[in-house]
Structure formats: C-alpha cells, structure tokens
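Chain letters run A, B, ... following the sequence lines, proteins first and then strands; every chain starts at 1.
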2 protein chains.
Amino acid sequence: MTTASELRDAALEEFASAGYLGTSIQAIAARASVSKASVLYHYSSKETLLDAALSPAIDAIAALLPRTVQLSGTDADRHDFLVGFVDLLMQHRLAAQIFITQSGALVDVPVVARAQQIIQQIAAARPQQTVDDQVRFAVALGGAAYLLAQAGAYGVEAAPDDVQLRDSLIRILDELLAPVTAS
Amino acid sequence: MTTASELRDAALEEFASAGYLGTSIQAIAARASVSKASVLYHYSSKETLLDAALSPAIDAIAALLPRTVQLSGTDADRHDFLVGFVDLLMQHRLAAQIFITQSGALVDVPVVARAQQIIQQIAAARPQQTVDDQVRFAVALGGAAYLLAQAGAYGVEAAPDDVQLRDSLIRILDELLAPVTAS
DNA sequence: ACGGTAACTGACCGATCGGTCAAGTTCTGA
DNA sequence: TCAGAACTTGACCGATCGGTCAGTTACCGT
C-alpha cells in the first residue's frame, strides 16, 4: 500500500527475475512508477532494499530453526517440520528463489550471510549419519526448494495456494527422509 | 595449456563463484595473468567467453537427450539414464552450477537459452503421469543438480571422482523414481 | 492560515563496465 | 634473414551504475 512496501515488492520481483546485480535501482523505480531518487529516499541503498525484501523470509526460516530437533524425533515430528519447511518455501517463493540462485554470489551481503548461516544450522541439526542419509537430506530439501523456486521457469505454475502440489511435496519428502529401517 | 583454454577455465570458475554479471573481464584477465585487452583478443566479447565455458557441458547434456526414452523403459534402462545424468553433473560441476543459479537471469543469452530448451525436452520426455510422479521427477533431478552444484557452499566437497557420493546419489534417485507399483 | 516535516524529483558526480584501437612484441615458416 | 601472422598491451571511449544534493511539492497538526 505505502510507497515503501510497493518498492519492497517491486524489488523482490525484480531481484528474483533479473538477479540482484542485474537489477538497477532505476528498474525498480520504474516498476513502482517513482523516480530513482525516490527509491533512495525510502531505502538508503540498494543493499538496504535487498535486506528489506529478504528479511521476512529469513525471519520465517529462523523461526523454523528450533523445530529442527524434530528431525531426530518420531515420524510425526519429522512430518511437522517438513510441513513448516514446505509452507515456508511456498509463502516466500520469490525470496527463496533469490536465495537459492544468488546466495553464492552475494555472500558479502550481511542479510544473505545470515540466511546462509541459518541454513547451515538446519543442515547441521541432522544427526550424523551415513552418506546415504546426508544425500537423502540434501536432495529432499534442495530438490523441494529448487522445484518451487524455479517452477515458473519451466511452465509449471506454483501458486502459493496449490494444495495438491503442497501435499504431494510433503508426502514425497516424508518418504525420502523416513528411516530405511522402517521400510 | 593455451592462453585461450586458460581463459576459458578462469571464466568458468569466476562465472560460477561470482556470477556472470558479477564477473568483470578484468577479473578473468587477472586470474589468467593477462591484460583485459588480451582476453578480448581471444574471445570477441564476454558473452562469447560464456559460450565457450558452457558449450562442453551443453554438448554433453544434448548427447544425453536421446537416452531419455529410457525413462519409460525397464528399471535397468532408467538406471542407465540416471548414471549418465549424475556423471554429467559431476564432470561439468561448474557449468551446472552456472546454469542452475543463473539460467533465469541469462535467458537472453543464446547459449543459456539452448541449454534451457534441452532441459525442457528432458522434462517433457517423462510420460504424462500424476502430480506425485512429476514432483518425484523434479525433486530427484533438481535435488541432485542443486546438491552437486552448491555442495561447496556448505563445506561439503564434491570431488569429481567421489565414487561414494556418486553411488549414493544414483541409488537414491533410482529409489525415488521407481514406479510405486514396484514397492 | 501557516510552519514544519515528510515525500519526491532532476541534475549531477565519480567509478566501473564492456569494448575499440593503434602500436609494440613475439613467434614462425620459407 | 625477414616478412607476415599471431599475440599482447596501455590508453581511451561511451554508457550505465549506485549514490548525493539542493530545491520543490504535498501533507498535517495547531
């Protein structure tokens, strides 16, 4: 509604589609129908704008962090965590896309570095297991994130409220991460 | 060995770590210990350099395309395809990383557009099935690609000859794509 | 009505980018 | 030996970038 929030949303879409480095402040200004100087009035720098665009998603994943203990719990616990993870990806699809595709090139940006640390903590929360288990974990979470982030690039629309996709994703992740001893 | 191949390798590493837009010709020149003008003598433009860096990987995945028919075949056929896919990812890790993280922002670059078309053809070769099957396919291939491309960002080294990782990945992809009727 | 503050803008600045060019150097084959 | 091709380079160019600033307009409490 406000100009600031419009700029934040415009930046989120632009950063996701053209990349942070490929997006000029002018482009964001044009998308929100204001001048470049006006963008820099609301956000003191391009980096501040990226921070504002990503922060909600990072707060959400940080809130998910305490629940990683559920990964070592019962089947129901692990299921609860996966539901939270998938919902997080679907609700913050653009932010997830920005992080997945550009975190490597933007490690020197504080907000991205913070997000990377949280992801690493989630990965570390997984109890030390076999290589197979590590690969299962990486393929599951990475595959889900990549699927939702890049779905649009291959014609598949991933609407935030696509419950069929959500349920299917949770089911398959559940199956992939289930202890093999339970088979 | 030659200056041209050294520049191609330097560009591949730089594009993968800093991104195409985040890499200056000067940076590639410095990595190969030559001048910026010398880079533009061997490759007429920055885009030509990206083309040269990605082409071997794209040729390899194009060669894999005829084998997508195996996805509809027996378990052994599907296994053969997955072996080819995983080996491709491991042998062209940097090119895969560039494509996975930057194909969205570089759609207007011909060599990237060509790669995207090939990926789409592979995805389309999968016979029309349920949403579950589509999600399985996307999580498997996307997860494997993302794991190998981004492994370095999370401390896990994915050496091109890590047979343990390779075998584990193939086994899990096999399991993920096996028809549920076989369970 | 009015003073102050928030919002907005065009003009401008220094830096960096991709790319060109003329000149110099090194290599090679006859 | 030497002509010409291959290679390398510093200097330079126009364009675009992120960011600054002085000045203008719109809004709001009193």
Exercise for review: Respond yes when some side-chain nitrogen or oxygen of B:His42 is under 4.0 Å from OP1 or OP2 of D:dT8, and no when none is.
Suggested key: yes
Check your understanding: Does the A:Ser55 side chain pair with the main chain of A:Ala52, one donor and one acceptor, at a distance under 3.5 Å?
Key -> no
Please report, to 0.1 Å, the donor-acceptor pairs under 3.5 Å made by any side chain of residues 33-42 of chain A, with sequence neighbours excluded.
{"from": "A:Ser35", "atom 1": "OG", "to": "A:Ser38", "atom 2": "N", "distance (Å)": "3.2"}

Review point. Within the side chain of B:Arg136, is there an N or O that forms a donor-acceptor pair under 3.5 Å with the backbone of B:Leu177?
Key: no
Point to revise | Atom-to-atom span, CD of A:Glu6 to C1' of C:dC8 - whole angstrom | key: 14 Å
Distance-only donor-acceptor hits, side chain of residues 8-16 of chain B, under 3.5 Å, sequence neighbours excluded:
{"from": "B:Glu13", "atom 1": "OE1", "to": "B:Arg31", "atom 2": "NH1", "distance (Å)": "2.5"}
{"from": "B:Glu14", "atom 1": "OE1", "to": "B:Arg31", "atom 2": "NE", "distance (Å)": "2.6"}
{"from": "B:Glu14", "atom 1": "OE1", "to": "B:Arg31", "atom 2": "NH2", "distance (Å)": "2.9"}

Practice item. Round to the nearest Å and state the distance from B:Tyr41 atom OH to C:dA23 atom P. Key: 18 Å
Could you list the protein-to-nucleotides 14-21 of chain D atom pairs, N/O on both sides, closer than 3.5 Å?
{"from": "D:dG18", "atom 1": "OP1", "to": "A:Thr23", "atom 2": "O", "distance (Å)": "3.3"}
{"from": "D:dG18", "atom 1": "OP1", "to": "A:Lys46", "atom 2": "NZ", "distance (Å)": "2.8"}
{"from": "D:dG18", "atom 1": "OP2", "to": "A:Ile25", "atom 2": "N", "distance (Å)": "3.0"}
{"from": "D:dG18", "atom 1": "N7", "to": "A:Lys36", "atom 2": "NZ", "distance (Å)": "3.2"}
{"from": "D:dG19", "atom 1": "OP2", "to": "A:Lys46", "atom 2": "N", "distance (Å)": "2.7"}
{"from": "D:dG19", "atom 1": "O6", "to": "A:Lys36", "atom 2": "NZ", "distance (Å)": "2.6"}

Revision key, fill the gap. Checking B:Leu169, B:Val83, B:Leu82 against B:Asp174 for side-chain contact (heavy atoms from CB on, under 4.5 Å), the one that qualifies is B:Leu82
